Every structure is written in structure tokens, then in C-alpha cells.
Amino acid sequence: MAAHRNVTIKDVAARAGVSITAVSHALNDKGTLAEETRKRIREIATSMGYQADALARGLRRSRIGVIGIVLRPLDALEDYSPPGVDYFLRFAGAAAVSALGHGLSLMQVADLVKGPVTPLAFSLDGYVVTDPVRDDPVVDLLESRSIPYVTLGRDPGKPQAANWVASDDAAATRTALDHLAEHGARDVAFVGGTDDNSWNADAEEAYRHWCAAHGSTPRLFRSPERLGEAGGRELVPRLLDDGVPDAIYSLTGRHAAGIQEAMRERGYTAPEHYLLACGTDAQQTRTAEPPITAIDLRPEVLARETVALLAQITRGESPDGRRLVASELIVRRSSQRER
């Protein structure tokens, strides 16, 4: 879709069949419009490439020294401070500091396709988009407006893209599974999320390959990330349908904490009855009893690499991204058993 730089509020009103006032109220979340009408007007404005004021249109013509960050998993959660999840805080803080080192400032922006968003959002020099889902609409919107961007994690729908940095999730999964095997686990259940992003996809694929290599039957489960601990708790009856697994590998810390609690209520504790490890460290994994073995995705390193790549692109360079960052396994009591 081509960008249309000079679309006016009058054009949007004509396309939507409403008054200019209605468009203004819809885009600025004012007035008493029906939610369905408000949503339709916003969608039309986005599709037409409308920018709300002349300042934004003028700024887009030159660099302003500011980049944006969109945290797609938190957009999906509709909660920008999920309890215990400090990965995104660590990433955003490190990204802000890294941006300063490149002479840039960082602005955090909510979901660009849902609105309302500040007009300046489309005037920034570029964007970091974390964990995009397949054919992510935010990525599509940035491309339609010719705004440079880098993704943290691949967009699974764009296999040819080279403007990404990612944690090496396949290698991290193999490391965690090998650790569980070293401590006696042969039958390992895997709990992933439901977001269609590269983190879930790469970890699940690595798990399937690991099972095949070890002659183990996959026991694969998924729970929406937004359910947190409750999602982990709800999975436990299904996890036990075929007996207590030797080990459970849960990608998210909140799911892992819920699994641990529900297993304890049924008389099963780690590491005595099963081993437990997690694909991302969080407050829940550190403060659980026993503490849960987890992968540190090293968000500070990811932030530094991501911002550096975007800074190169905004300077007009054409670097090939595809940068993988090694993670670190933090071994705790939940997965340690005498061999």
C-alpha cells in the first residue's frame, strides 16, 4: 500500500461519510461516538495514510533524532506492566541508553494500528518492533509509510527480511533440554505460548527435533501468554493425563510458576518428582520455591544490537541484520537432581 502524505481530515471525513468533527473526535478519543463508528473512522484514516497535523508531515521530511519502540507482546496483553515480567523493562531501559550513544532519543509507542497515537509517532526516524507476529500489521504499516524499522525476533511471515536481531531461541531450548536430560529426564513436556512469533516457533521446532534425536514422544502444550500463572495452572490436569513427566520446560516464567503451584497442590514437587525449567527468566522464577531454572535472554545485549542496527539503517547504510544473540541458562534447584 502506497503512502499518501497529504491526506487531510476533510478527505477522511468524506471517505467515512461523517463530519470533520466526528473524525477529530474519533482520532482523539473524544466525544460520544459509538465505538464501532470510532473504530471504523480510525481504520479508514490509517488506510489513507492520514497524519493529524502539519507538524508531523513536516518532520517526516527530515531526521529528528528520535526512534520509537513498540512492544508487541505487551500490546497483545493490553497490559504494559505485567506482574513479575521485567524482560521488557530491561530491554527498553537498555535501548534508551544505547540510543543516547548513537545521538538518538527513544520514545515508547503503543500499538500503532489501534490508535489513537500521537501525530509524532509517524515522524520518528525509525522503529524497533519487538517480537512481531506473522505478517504483523505494525510492520506492514511502517513499510507502507516508508519508515525504517528493525525487529527483535523475526517476522515469521517475512523469511527474506534481513533487518532483525534475535535471541538464539533454538540453541537456548536445546541447552535447557540437554540440562534436563543430564539430570535424568527422558520424557520432557513442552509448554509454549500461542502468539505466532519466532520465539514460540523456534523453541517448539527445536523441542521437536530434540525429541526425535532422543527417541522421545513429544508432549506439546500451549497456553495464551496473557493468562499468566492461571494459564499454567489450567494446563496441569492435561500435563498429567499420560502420567507425571520426567520434566517440564515452560517458555514463559508466569506459566512455569502456575505449573509449579498446581503440581504442588497435587503432591508433586520439583525436583523430587519432576524437573522444571523455563525459557525466560522473571521475578516468578527467581522467587519460586524452589527457584526455577530459567533462560536469561540477555535483553541488554539484544537492545544494544537492535538499536545499533537501526541507527545504521537510519544513517542510510544497508547492513545485513540477521544477528543472533546467545542466551544463558541459569541453573536453580527446580532442575537439579543427583544423577
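Quantities reported herein were computed from a predicted structural model and do not represent experimental measurements. In what follows, every heavy atom counts, from backbone to side chain, and hydrogens, waters and symmetry copies are set aside.
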Would a distance-only check, ignoring hydrogens and angles, find a side-chain to backbone donor-acceptor pair under 3.5 Å from Thr37 to Leu33?
-> no
Residue set satisfying salt bridge (charged side-chain N to carboxylate O under 4.0 Å, His left out) with Arg238, at least two apart, ordered chain then number -> none
Do Tyr127 and Pro148 have side-chain heavy atoms sitting under 4.5 Å apart?
-> no
Kindly say whether Glu43 contributes a backbone atom to a donor-acceptor pair with the side chain of Thr46 at under 3.5 angstrom?
-> no
Mind checking the NZ-OG spacing from Lys10 to Ser19? Nearest 0.5 Å is all I need.
-> 13.0 Å
With Thr175 via side chain to side chain contact (heavy atoms under 4.5 Å, CB included) - residues at least two apart | Leu329
Which residue pairs pass the salt bridge (Lys or Arg N to Asp or Glu O under 4.0 Å) test with at least one member in residues 267-282, sequence neighbours excluded?
-> Asp281-Arg286, Asp281-Arg332
Side-chain (Tyr249) to main-chain (Gly192) donor-acceptor, under 3.5 angstrom = no
Find out if a path of hydrophobic residues (ILVMFWY) with successive side-chain heavy-atom gaps under 4.5 Å connects Leu220 to Trp199.
-> yes
Nearest heavy-atom contact between Asp195 and Asn200 is O-ND2, 2.9 Å
Indicate every side-chain donor-acceptor pair of residues 226-234 with a distance under 3.5 Å to a residue at least two apart or in another chain.
residue : atom : partner : partner atom : Å
Glu229  : OE2  : Gln284  : NE2          : 3.2
Arg233  : NH1  : Glu265  : OE2          : 3.2
Arg233  : NH2  : Glu265  : OE1          : 3.0
Arg233  : NH2  : Glu265  : OE2          : 2.8

Of all pairs that satisfy salt bridge (Lys or Arg N to Asp or Glu O under 4.0 Å), the ones with a partner from residues 198-224, not counting sequence neighbours = Arg154-Asp202, Asp187-Arg219, Glu204-Arg208, Glu204-Arg222
Quick one: name the residues clustered hydrophobically with Val133, using the 4.5 Å side-chain heavy-atom rule over I, L, V, M, F, W, Y, and just say none if it's on its own.
-> none
Residue set satisfying side chain to side chain contact (heavy atoms under 4.5 Å, CB included) with Thr217, at least two apart, ordered chain then number -> none
Taking it one step at a time, do Leu297 and Phe91 satisfy side-chain contact (heavy atoms from CB on, under 4.5 Å)?
-> CA-CA 10 Å; Leu297 297 172; Phe91 180 86; over 6 Å; no
For Asp296, enumerate each residue passing the salt bridge (charged side-chain N to carboxylate O under 4.0 Å, His left out) test, keeping only those at least two apart in sequence or located in another chain.
-> Arg90
Taking every heavy atom of Ala166 against every heavy atom of Leu302, the minimum-distance pair comes out as C-CD2, 3.8 Å
Phe190 and Pro218, any side-chain heavy atoms less than 4.5 Å apart | no
Restricting to pairs with a member in residues 306-315, which pass salt bridge (Lys or Arg N to Asp or Glu O under 4.0 Å), not counting sequence neighbours?
-> Arg315-Glu317
Any chance you could measure Gln312, atom CD, to Ser318, atom OG, to the nearest 0.5 Å?
-> 10.0 Å
Ignoring hydrogens and angles, tell me if any N or O in the side chain of His183 forms a donor-acceptor pair with the backbone of Gln336 under 3.5 Å.
-> no
Counting N and O atoms only, with roles assigned by atom type, does the side chain of Arg186 sit under 3.5 Å from a partner on the main chain of Asp246, one being a donor and the other an acceptor?
-> no
Are any side-chain N or O atoms of Glu225 and backbone N or O atoms of Thr194, one a donor and one an acceptor, separated by less than 3.5 Å?
-> yes
Distance-only polar pair, side chains of His179 and Ser335, donor-acceptor under 3.5 Å = yes
Working to the nearest 0.5 Å, report the span between CG of Asp169 and OG1 of Thr280.
-> 9.5 Å
Derivation and outcome, side-chain contact (heavy atoms from CB on, under 4.5 Å), residues Leu112 and Leu142 | CA-CA 9 Å; Leu112 288 167; Leu142 293 174; 3.9 Å; yes
Once you round to the nearest 0.5 Å, how far does OG1 of Thr173 lie from CD1 of Ile295?
-> 7.0 Å
Mind listing the closest non-hydrogen atom pair of Asp155 and Asp136 along with its distance?
-> OD2-N, 3.4 Å
Taking Arg72 for its side chain and Val129 for its backbone only, find out whether a donor-acceptor pair lies under 3.5 Å.
-> no
Side-chain cluster (under 4.5 Å, hydrophobic types only) that Phe221 belongs to, other residues = Val191, Leu235, Val236, Leu239, Leu240, Val244, Ile248, Ile259, Met263, Tyr268, Tyr274, Leu276, Ile292
Would you call Thr293 and Ile330 a side-chain contact if the rule is heavy atoms closer than 4.5 Å?
-> no
Ignoring hydrogens and angles, tell me if any N or O in the side chain of Thr151 forms a donor-acceptor pair with the backbone of Gly153 under 3.5 Å.
-> yes
Considering all heavy atoms of both residues, which atom of Ser223 and which atom of His255 are nearest to each other, and what is their separation?
-> O-CE1, 3.1 Å
State which residues pass side chain to side chain contact (heavy atoms under 4.5 Å, CB included) with Asp135; sequence neighbours excluded, sorted by chain then number.
-> Lys158
Any side-chain heavy-atom pair from Pro271 and Ser334 closer than 4.5 angstrom?
-> no
From Leu104 atom CG to Thr314 atom OG1, the distance as rounded to the nearest 0.5 Å = 5.5 Å
Below 4.5 Å, heavy atoms only, C-beta onward: do Glu305 and Ser98 meet side chain to side chain?
-> no
The reported gap from CD1 in Ile44 to NZ in Lys39 (rounded to nearest 0.5 angstrom) is 12.5 Å
Minimum-distance pair of heavy atoms, taken over all atoms of Val18 and Ile41 = CG2-CD1, 3.9 Å
Any side-chain heavy-atom pair from Ser167 and Leu324 closer than 4.5 angstrom?
-> no
Do side-chain atoms of Arg298 reach the backbone of Ala326 as a donor and acceptor pair under 3.5 angstrom?
-> yes
Before giving the answer on side-chain contact (heavy atoms from CB on, under 4.5 Å), spell out for Ile69 and Leu106 the whole-Å C-alpha distance, their side-chain angles and the decisive distance to 0.1 Å.
-> CA-CA 7 Å; Ile69 181 172; Leu106 183 73; 4.1 Å; yes
For the hydrophobic clusters of this structure (ILVMFWY residues joined by side-chain heavy atoms under 4.5 Å, transitively), does one cluster hold both Ile64 and Phe122?
-> yes
Trp164 versus Leu309: any side-chain heavy-atom pair under 4.5 Å?
-> no
In terms of hydrophobic clusters joined by side-chain contacts under 4.5 Å, are Val97 and Val128 together?
-> no
Search all heavy atoms of Val139 against all heavy atoms of Pro132 and return the closest pair with its distance.
-> CG2-CB, 4.2 Å
Under a 4.5 Å cut-off applied to non-hydrogen side-chain atoms, are Ile313 and Tyr149 in contact?
-> no
Show your reasoning for whether side-chain contact (heavy atoms from CB on, under 4.5 Å) applies to Leu124 and Ile67.
-> CA-CA 5 Å; Leu124 305 186; Ile67 58 175; 5.8 Å; no
Arg134: salt bridge (charged side-chain N to carboxylate O under 4.0 Å, His left out) partners, not counting sequence neighbours | Asp196
